[in-house]
Amino acid sequence: MSESDELRSRVRQMRAKAKDLKDEAERAADPDERRRLKEKARRIESESEQVSGMASGDIYPMK
């Protein structure tokens, strides 16, 4: 598997995890837990966008 294939796979996994967290947040009865889960999903989505950019060659990782 090439590096770009691995990055794309990682992006898919991250997006799936973010979706799971959003779904879990919608089911959470506690407002603090709902907010925590939504924030975690947002961070994962943001990171997945960065990884996606690296996979497509749009951005370069910071050193």
Side-chain angles (χ1 to χ4, degrees):
M1 181 179 278
S2 73
E3 185 176 339
S4 63
D5 289 340
E6 289 176 22
L7 287 173
R8 281 192 283 274
S9 176
R10 182 172 175 217
V11 168
R12 279 193 299 273
Q13 291 172 351
M14 293 170 77
R15 289 179 178 162
K17 177 65 175 175
K19 181 184 180 314
D20 289 345
L21 287 168
K22 285 181 181 178
D23 292 345
E24 189 176 339
E26 293 302 319
R27 294 188 301 270
D30 179 43
D32 290 333
E33 178 71 1
R34 186 177 312 119
R35 192 173 17 256
R36 185 187 71 79
L37 291 168
K38 285 182 178 182
E39 176 60 24
K40 188 171 181 179
R42 188 198 61 75
R43 284 193 312 267
I44 291 172
E45 285 177 332
S46 177
E47 187 178 340
S48 76
E49 290 301 318
Q50 292 175 358
V51 173
S52 177
M54 285 188 286
S56 68
D58 289 343
I59 62 173
Y60 301 99
M62 296 179 67
K63 294 187 179 197

K.L.:
Between Arg35 and Asp32, is the closest basic N to carboxylate O distance under 4.0 Å?
P.N.:
yes
K.L.:
Can you check salt bridge (charged side-chain N to carboxylate O under 4.0 Å, His left out) on Glu39 and Arg43, steps first, answer last?
P.N.:
CA-CA 6 Å; Glu39 176 60 24; Arg43 284 193 312 267; 3.7 Å; yes
K.L.:
Measuring from atom CG of Leu7 to atom CD of Gln50, what distance do you get when rounded to the nearest 0.5 angstrom?
P.N.:
12.5 Å
K.L.:
Okay, side chain of Ser48, backbone of Glu45: is any donor-acceptor separation there less than 3.5 Å?
P.N.:
yes
K.L.:
Of all the heavy-atom pairs spanning Ala28 and Leu37, show the shortest one and how long it is.
P.N.:
CB-CD1, 4.4 Å
K.L.:
Set out, in order, the CA-CA distance, both residues' side-chain angles and the distance that settles side-chain contact (heavy atoms from CB on, under 4.5 Å) for Glu49 and Arg15, then state yes or no.
P.N.:
CA-CA 9 Å; Glu49 290 301 318; Arg15 289 179 178 162; 3.2 Å; yes
K.L.:
Is the shortest side-chain N to carboxylate O distance from Asp23 to Arg27 below 4.0 Å?
P.N.:
no
K.L.:
Working to the nearest 0.5 angstrom, can you tell me the gap between Met14 CE and Ser46 OG?
P.N.:
8.5 Å
K.L.:
Check Ala29 against Arg34 and note the closest heavy-atom contact, atom names and distance.
P.N.:
O-NH2, 3.4 Å
K.L.:
Where do Ala18 and Ile44 come nearest, in terms of heavy atoms and distance?
P.N.:
CB-CG2, 4.0 Å
K.L.:
Let's go through Arg12 and Ser9 carefully: what are the C-alpha distance in whole Å and the side-chain angles of both, what is the deciding distance for side-chain contact (heavy atoms from CB on, under 4.5 Å) to 0.1 Å, and is it a yes or a no?
P.N.:
CA-CA 5 Å; Arg12 279 193 299 273; Ser9 176; 3.8 Å; yes
K.L.:
Of the non-hydrogen atoms in Ala25 and Lys38, which two are nearest, and what is the gap between them?
P.N.:
CB-CG, 3.7 Å
K.L.:
At what distance, to the nearest 0.5 angstrom, does NZ of Lys40 lie from CZ of Arg36?
P.N.:
6.0 Å
